[in-house]
Amino acid sequence: MKIQTPPGMRDFYPDDMRLQNWLFTHWRQVSLTHGFEEYEAPIFEFLDLYRLKSGDEIVSEVFSFEDRGGRNFAIRPEMTPSLARMVAARANALPRPIKWFSLPRMCRAERPQRGRLREFFQWNADVLGPEDALADAEVIAVVVAFLRAVGLGPDDVAVRVNHRRVAAAALQTLGVPADGVVAAFGLIDKIERMPADKFAAAWNDLPFASACGVDAVRGFLGEATLERCLDLAAQSGEDGAAQAEQFTQLWRQLEAFGVAGMCTFDLRIVRGLAYYTGSVFEAHPKQGGLRALCGGGRYDDLTGLLDGPRVPGVGFGMGDVPVLEFLRELDRLPSPERTLDAFVIDADADLFARALELVGHLRAAGLRVDFSYKRTGVGKQFKQATQRGARHAIVLGDELKDRNEVVIKDLVSGTQRTIDWDAFCADPKLD
RNA sequence: GUGGGUGUAGCUCAGCUGGCUAGAGCACCAGGUUGUGGUCCUGGGGGUCGCGGGUUCGAAUCCCGUCACUCACCCCA
């Protein structure tokens, strides 16, 4: 009976794993250089944890199961609820600001399609505690630093930034009632994926369409500059003015971090979730029909649903699938090679025991070293060394028998030298 | 859940107006090569042509069904 890889899931053969690790290394490296600390959580949680945040609809979109005690669990479809649970449990003991990141593997029970699988990895980074726009700016700076690290510049990607409260205040000045903002956002979120006539029809179905028509909204979304939007928001009242000031600060900080060149103001980015309460952003490829590479924003209270103290925060998630897919499309995926520091070759089968002895020395010194399982000719062993991506070949032959020396060949430059066995074992330097 | 496309070797594919034992390139293994690699030459392993049924003397090829994969829609934390 033939059993294949489950749908929407991936096998990572060593060739694939090198690429995956290349991505993880950048994710981790960028996080660490920005002062974030790594955390991890269980691969599955109580199903109720996700119900609290997302409601009952979530149940059909997660892989869930019941244990022998009748308790319901779900394989994590996102990291934020676990983060909330962990932070709530120690909210008063954790030093602030809480700057945490994670590279969790997660699953969603969806039908797989391009850029979207049932199992994937998603880099999460969050700053919890401060309400200052500085935190929002730093989180965006982390995203930009990653994009730059993998070779993506302003011609390839734009980080589109908006602010839900500012946009809401501006919409209200245009005539949208306060209780209609959520519905308006829901539609605006889809405007780029919807044909113009469908959008117009849907907008005109909204109860307040007479107060703020579809043309007014289109003009607003398409042309409003940051200044005009801030101005409209300020006119809506005291709160709008305060939010506009926050958003102004955010842009100032993005400049200070040196990442404003990758960022654009975009009113269409509102993020569907009601969960976001302040800044919102997404990184979008400039060419190709691909989805957003990442999305995030500010939320007022991470732990509120879990009966924890109020903890405001800002963060984002970035999936491995769309990022790798985009880089592949641009033909900018690296192809990391297999690597070894050295490959030990025995020119004479009598010396095989000595070869293993040397392999042991080098490995104990922390070098990545391998050798051939078969006692074949020197030529074949060199071929294996090359195939394995070895940087150096170390040959044990007549030199060892006659003068107690080994030959070290640099397989990149092709040069070789001899060195005394005892000196080399005492201090195994290859270069 | 709805609709389109595609199924031949590990990968990319050819063969498809029915007809020798189903092929190529890449990859893999072995040898050429008993002290020097990446290129070269020779050979080898690997496929119930997704699966089931039908038509036929004969099906990878034609017909029906089915399954899988894939793209899009829904959803998107």
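Here the structure is a predicted model, which means the values were calculated and not measured. All values below were derived from every heavy atom in this structure, side-chain atoms included, with hydrogens, water molecules and symmetry-related copies excluded. Quick note on labels: first sequence line is chain A, next is B, and so on, each numbered from 1.
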Just compare [options] and give me whichever is closest to any side-chain atom of [X].
X: Val62(A); options: rC28(B), rG37(B), rA77(B); value: rA77(B)
X: Leu411(A); options: rG37(B), rU2(B), rA77(B); value: rG37(B)
X: Lys374(A); options: rA30(B), rG35(B), rG32(B); value: rA30(B)
X: Arg108(A); options: rC40(B), rA77(B), rC74(B); value: rA77(B)
X: Val395(A); options: rG35(B), rA77(B), rC74(B); value: rG35(B)
X: Phe382(A); options: rA30(B), rC29(B), rU36(B); value: rU36(B)
X: Pro112(A); options: rG37(B), rC75(B), rU70(B); value: rU70(B)
X: Ile58(A); options: rG37(B), rC28(B), rA77(B); value: rA77(B)
X: Arg116(A); options: rA77(B), rG32(B), rC75(B); value: rC75(B)

CE of Met318(A) to CH2 of Trp27(A): how many Å apart, nearest 0.5 Å?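 With rounding to 0.5 Å, CE (Met318(A)) is 7.5 Å from CH2 (Trp27(A)).
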Mind checking if [X] touches a base, just sugar-phosphate, or nothing, with heavy atoms under 4.0 Å?
X: Gly414(A); result: base
X: Gln381(A); result: nothing
X: Pro7(A); result: sugar-phosphate

Between [N] and [M], how far apart are the two [atom1] atoms, rounded to whole Å?
N: rG4(B); M: rA77(B); atom1: C1'; value: 29 Å
N: rC13(B); M: rG32(B); atom1: C1'; value: 31 Å
N: rA60(B); M: rG47(B); atom1: C1'; value: 11 Å
N: rU66(B); M: rC20(B); atom1: P; value: 31 Å
N: rG19(B); M: rU56(B); atom1: C1'; value: 12 Å
N: rG23(B); M: rA68(B); atom1: P; value: 32 Å
N: rA72(B); M: rA30(B); atom1: P; value: 43 Å
N: rG44(B); M: rA27(B); atom1: C1'; value: 14 Å

Reading RNA chain B 5' to 3', what string of ( ), [ ], | and . shows its pairs, if Watson-Crick and G-U wobble pairs count only when both distances fall under 3.5 Å? (((((((..((((.....[...)))).(((((.......))))).....(((((..]....))))))))))))....
Tell me whether the side-chain N or O atoms of [X] pair up with the base of [N] as donor and acceptor below 3.5 Å, since no angle test is needed here.
X: Arg111(A); N: rU2(B); result: yes
X: Gln416(A); N: rU36(B); result: yes
X: Arg291(A); N: rC76(B); result: yes
X: Thr386(A); N: rG38(B); result: no

[X] [atom1] to [N] [atom2], straight-line distance once rounded to whole Å:
X: Asp16(A); N: rC11(B); atom1: CG; atom2: P; answer: 12 Å
X: Leu351(A); N: rU34(B); atom1: CG; atom2: C1'; answer: 14 Å
X: Lys190(A); N: rC73(B); atom1: NZ; atom2: C1'; answer: 12 Å
X: Glu325(A); N: rA72(B); atom1: CD; atom2: P; answer: 9 Å
X: Gln122(A); N: rA77(B); atom1: CD; atom2: C1'; answer: 8 Å
X: Arg118(A); N: rA68(B); atom1: CZ; atom2: P; answer: 11 Å
X: Glu110(A); N: rA77(B); atom1: CD; atom2: P; answer: 10 Å
X: Phe12(A); N: rG10(B); atom1: CZ; atom2: C1'; answer: 18 Å

Just say parallel, tilted or perpendicular for the rings of Tyr39(A) and Trp100(A), cut-offs at 30° and 60°.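 Tyr39(A) and Trp100(A): tilted rings.
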Whether Trp123(A) and Phe316(A) hold their rings parallel, tilted or perpendicular, with breakpoints at 30° and 60°: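 The rings of Trp123(A) and Phe316(A) stand perpendicular, inter-plane angle above 60°.
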Apply side-chain contact (heavy atoms from CB on, under 4.5 Å) to residues Asp156(A) and Arg332(A) and explain how you reach the verdict. CA-CA 11 Å; Asp156(A) 310 307; Arg332(A) 284 200 222 155; 2.9 Å; yes
Do the charged groups of [X] and [Y] touch, with an N to O distance under 4.0 Å?
X: Glu282(A); Y: Arg271(A); result: yes
X: Lys53(A); Y: Glu78(A); result: yes
X: Asp56(A); Y: Arg51(A); result: yes
X: Arg391(A); Y: Asp410(A); result: yes

Return no unless some side-chain N or O of Arg271(A) is found under 4.0 Å from OP1 or OP2 of rC76(B).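 Result: no.
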If each of Tyr50(A) and Gly377(A) is mapped to the nucleotide of RNA chain B with the nearest heavy atom, which maps nearer the 5' terminus, i.e. the 5' end?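 Of the two residues, Gly377(A) wins.
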Nearest-nucleotide wise, let me know which of Val407(A) and Thr5(A) is further upstream toward the 5' end of RNA chain B.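 On the 5' side of the pair lies Val407(A).
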Please report the shortest heavy-atom distance between Leu358(A) and Cys425(A), naming the atom on each side.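 Heavy-atom minimum between the residues: CD1-SG, 4.0 Å.
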Is a side-chain N or O of Arg118(A) found less than 3.5 angstrom from the main chain of Glu110(A), in a donor-acceptor match?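 It does hold such a pair.
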